[in-house]
Amino acid sequence: LVAPTELGMSPSIIARNESTNDAAREAQGILNDRIVSQSDRIATQDEAPVVNQSQGLMSRPELEPKVTITADNTLNIDVLYKGLSDSQKDNVDSLLNSLDNNGISGVEKVAFIAQAKRESGNFNTLVESGGSAGDAYFVKKYWANESVRNNLGNESKQDAIDFKGRGPLQLTGKWNYQHVNKLLKEVGIDVDIVKNPDLLETNKEIGDLTSILYWKDRVVKRKGITDFTDVDKVTSGINPGEDRETKDIRKGFFKELYKG
């Protein structure tokens with residue numbers, strides 16, 4: 001982890017969409033230079049671990065050309081951007097800026113991007129889709145099974161709908177939203193993603209930071225991962241319920257993106 005430093009947010013990112021709600025606009029200018037330690041947990045479908053970690057976040061500059069913001073000998077940038085639409089490239093640009101500016105680099109950066117590539121459908125969406133089933137999909141997936149809903153902290157069918165997957169790593173479940181909301185406040189970001197979960201999709205920087213906080217809290221600290229080439233172990237901190245076939249997809253993404 002990097003040492004705590006000043007925090008800052010780019011007004012151009014916050015004002016990306018003038019039609020976003022008041023909560024999105026309030027995100028501008030709310031960061032300060034105070035980073036504190038936290039002791040809590042992140043819940044997934046298999047467990048709710050205990051964590052005690054200081055988060056190191058740095059200020060984010062205006063978006064620069066991809067070649068400038070992604071200079072990294074371990075990341076195959078040509079493969080990452082190959083065949084992406086403009087909106088997909090926009091999502092990648094935002095995420096790479098956030099990773100660079102929050103101390104995630106090298107093999108860890110490649111591992112994060114490989115997981116995000118899988119979770120976001122190759123950076124196609126920042127919010128989970130219920131497909132033709134709509135909200136019924138989320139009720140079935142995150143409420144019908146008692147163990148799943150308890151581990152995710154969902155207290156009603158509406159929670160299953162409201163706290164569906166969002167952001168590059170698809171933060172899911174009421175408990176996780178509540179916990180990451182605390183982490184955001186601890187690093188000086190005074191927004192409420194529990195009352196306004198849509199912020200994770202309407203404000204790319206907020207969405208990126210929630211995934212970064214989750215990663216540092218869950219993957220790095222709780223799992224204690226230092227070998228980010230161990231894709232199965234990394235995946236256990238992101239989506240432990242995946243079967244071998246889908247785990248192999250993540251391995252394939254890492255292999256094609258890694259220049260090691």
Side-chain angles (χ1 to χ4, degrees), residues 42-46 75 79-85 87-99 102 104 107-131 137-138 141-142 148 151-152 160-177 179-180 183 193 197-220 222-223 225 228-258:
I42 287 286
T44 60
Q45 293 184 12
D46 64 335
L75 177 63
V79 171
L80 177 59
Y81 279 94
K82 185 178 180 180
L84 298 186
S85 66
S87 63
Q88 288 171 303
K89 290 177 182 177
D90 192 37
N91 289 336
V92 172
D93 286 345
S94 176
L95 179 58
L96 288 174
N97 266 290
S98 293
L99 291 172
N102 289 290
I104 295 180
V107 182
E108 182 182 2
K109 179 179 176 181
V110 178
F112 191 112
I113 293 170
Q115 294 289 328
K117 181 179 173 74
R118 169 63 180 170
E119 291 291 330
S120 64
N122 198 22
F123 310 101
N124 188 55
T125 180
L126 296 178
V127 59
E128 186 177 10
S129 171
Y137 171 85
F138 303 113
K141 187 175 182 180
Y142 301 130
V148 170
N151 281 329
L152 291 176
I161 297 167
D162 291 343
F163 303 109
K164 57 191 172 186
R166 291 185 179 87
L169 293 183
Q170 296 289 279
L171 188 71
T172 307
K174 185 176 184 178
W175 195 96
N176 282 322
Y177 275 74
H179 180 66
V180 174
L183 299 183
I193 64 170
D198 290 350
L199 278 175
L200 276 69
E201 48 185 297
T202 61
N203 187 309
K204 291 184 190 297
E205 191 167 19
I206 293 296
D208 291 344
L209 288 177
T210 58
S211 287
I212 288 170
L213 288 170
Y214 178 92
W215 175 276
K216 290 186 174 186
D217 209 14
R218 168 72 178 174
V219 177
V220 177
R222 167 64 178 135
K223 292 293 182 180
I225 296 173
F228 292 98
T229 65
D230 188 342
V231 180
D232 279 347
K233 191 170 183 181
V234 172
T235 300
S236 72
I238 301 298
N239 197 336
E242 286 206 321
D243 57 25
R244 172 49 52 193
E245 182 179 357
T246 49
K247 285 181 180 178
D248 286 346
I249 291 174
R250 293 177 193 257
K251 284 185 175 180
F253 288 159
F254 179 83
K255 183 177 180 180
E256 69 183 18
L257 291 170
Y258 183 43

With sequence neighbours excluded, what pairs up with [X] under the side-chain hydrogen bond (donor to acceptor under 3.5 Å, both in side chains) test?
X	answer
K174	E155
D230	none
K255	none
E256	none

Report task. With sequence neighbours excluded, tell me which residues meet ring pair (Phe, Tyr, Trp, His ring centres under 6.0 Å) with F253. Result ->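 Here no residue qualifies.
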Report task. Go through the structure and list residues passing ring pair (Phe, Tyr, Trp, His ring centres under 6.0 Å) with F163, not counting sequence neighbours. Result -> Y177
Please enumerate all residues that pass side-chain contact (heavy atoms from CB on, under 4.5 Å) together with [X], with sequence neighbours excluded.
X	value
T235	Q115, V231, E242, K247, R250
N91	F123, L126, K204
S85	S87, Q88

**Report entry** Aromatic ring pairing F228/W215, orientation class (parallel under 30°, perpendicular over 60°, tilted between)
**Finding:**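 Because their plane-to-plane angle is under 30°, the rings of F228 and W215 count as parallel.
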Do [X] and [Y] come within less than 4.5 Å of each other through their side chains, counting heavy atoms only?
X	Y	answer
L200	V127	no
I193	D198	no
D232	K251	yes

